[in-house]
K.L.:
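Could you have a look at this structure, given as structure tokens, before my questions?
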Amino acid sequence: EDQVTQSPEALRLQEGESSSLNCSYTVSGLRGLFWYRQDPGKGPEFLFTLYSAGEEKEKERLKATLTKKESFLHITAPKPEDSATYLCAGHSYGQNFVFGPGTRLSVLP
Amino acid sequence: GAVVSQHPSRVICKSGTSVKIECRSLDFQATTMFWYRQFPKKSLMLMATSNEGSKATYEQGVEKDKFLINHASLTLSTLTVTSAHPEDSSFYICSVSRQNTEAFFGQGTRLTVV
């Protein structure tokens, strides 16, 4: 059965304190690994898609990387506005997206 | 700009009544749309896949008669929660997938049944 897990469940950082979020997946025939940001009471907002091991993508303070078993979302010098829940999802050919439980990130000023 | 528009964003209804939630694909025609439910501090749970012109495909454990899905056009899918009960209170989100790759989400609907 396809499965996506994320750790930690929650993370509190001081402003400027860099860290990484983990997404581990067992998705057969993975077509893409997706990262989303979700603010309270809102739908998920697309961040990145990674397609193959070794691929990296960056957007402002965020960088996503992918290996054969996991993906990391690195946050460099975070700001309070980066506080949100970060979701990852695996997608395989002909299948629906499988979402992880998310990591709730709080960045304190 | 937004790719998916979901309406309403919040709704409060009385037990026993029905509520309709609309999901519109703004950027492209979507033969398939997805409906998710999200509980507090939990991830998205796929409820059903909405197929244009045919019956929706429901996930195991989701009641077809309670959650009616209609996908009448390539840009509109609706989810109707029938005979709503307090336990149906939740956050409902629709999603559209472009060529089965990226998934774009609506802003969600907070349903409260009193």
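Reminder, nothing fancy here: chain letters follow the sequence lines and each chain counts from 1. As the structure is a prediction and not an experimental result, all values here were calculated from the model. Note: hydrogens, waters and symmetry copies are ignored here, and every other heavy atom, side chains too, is used.
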K.L.:
Is it the case that more than 12 heavy atoms not belonging to Lys66(B) sit under 6.0 Å from its NZ atom?
P.N.:
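Counting neighbours around NZ of Lys66(B), more than 12 heavy atoms of other residues, nucleotides or ligands fall under 6.0 Å, so yes.
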K.L.:
Mark yes when over 12 heavy atoms from residues, nucleotides or ligands other than Lys57(A) sit less than 6.0 Å from its NZ; otherwise mark no.
P.N.:
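Atom NZ in Lys57(A) is packed in, count exceeds 12.
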K.L.:
Check Pro101(A) against Ser43(B) and note the closest heavy-atom contact, atom names and distance.
P.N.:
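Looks like CA-CB, 3.4 Å.
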K.L.:
Looking at Gly102(A), Pro44(A), Gly43(A), which makes the most heavy-atom pairs under 4.5 Å with chain B?
P.N.:
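Option with the greatest count: Pro44(A).
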K.L.:
Rounded to the nearest 0.5 Å, what separates atom CD in Gln38(A) from atom CD1 in Ile93(B)?
P.N.:
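It comes to 5.0 Å.
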K.L.:
Is the number of heavy atoms from other residues, nucleotides or ligands within 6.0 Å of CZ (Arg61(A)) greater than 12?
P.N.:
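Yes, because the 6.0 Å sphere around CZ of Arg61(A) holds more than 12 heavy atoms from other groups.
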K.L.:
Could you tell me whether Phe105(B) and Phe46(A) have their ring centroids closer than 6.0 angstrom?
P.N.:
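Not close enough - the centres of the two rings lie 6.0 Å or further apart.
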K.L.:
For Thr109(B), is it the side chain, the backbone, both or neither that has a heavy atom under 4.5 Å from a heavy atom of chain A?
P.N.:
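Neither the backbone nor the side chain of Thr109(B) comes within 4.5 Å of chain A.
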K.L.:
Going from OG on Ser95(B) to CZ on Phe99(A), what distance comes out if it is rounded to the nearest 0.5 angstrom?
P.N.:
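Rounded to the nearest 0.5 Å, the OG-CZ separation comes out at 6.5 Å.
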K.L.:
Answer yes if Leu79(B) and Val11(B) sit in the same cluster of Ile, Leu, Val, Met, Phe, Trp and Tyr residues linked by side chain heavy atoms under 4.5 Å apart, and no otherwise.
P.N.:
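Same hydrophobic cluster.
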K.L.:
Tell me whether Glu81(A) at atom CD has more than 12 heavy atoms from other residues, nucleotides or ligands lying less than 6.0 Å away.
P.N.:
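It does: Glu81(A) CD has more than 12 such atoms within range.
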K.L.:
Should the heavy atoms of other residues, nucleotides or ligands under 6.0 Å from CD1 of Ile12(B) be counted, would the total exceed 12?
P.N.:
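No, not enclosed.
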K.L.:
Nearest 0.5 Å, please: how far is CD in Gln38(B) from OG1 in Thr85(A)?
P.N.:
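Thr85(A) atom OG1 to Gln38(B) atom CD measures 8.0 Å (nearest 0.5 Å).
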K.L.:
Over all heavy atoms of both residues, which pair between Ser97(B) and Phe97(A) is shortest? Give the atoms and the distance, please.
P.N.:
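Answer, listing the atom of Ser97(B) first, then Phe97(A): OG-CE1, 4.0 Å.
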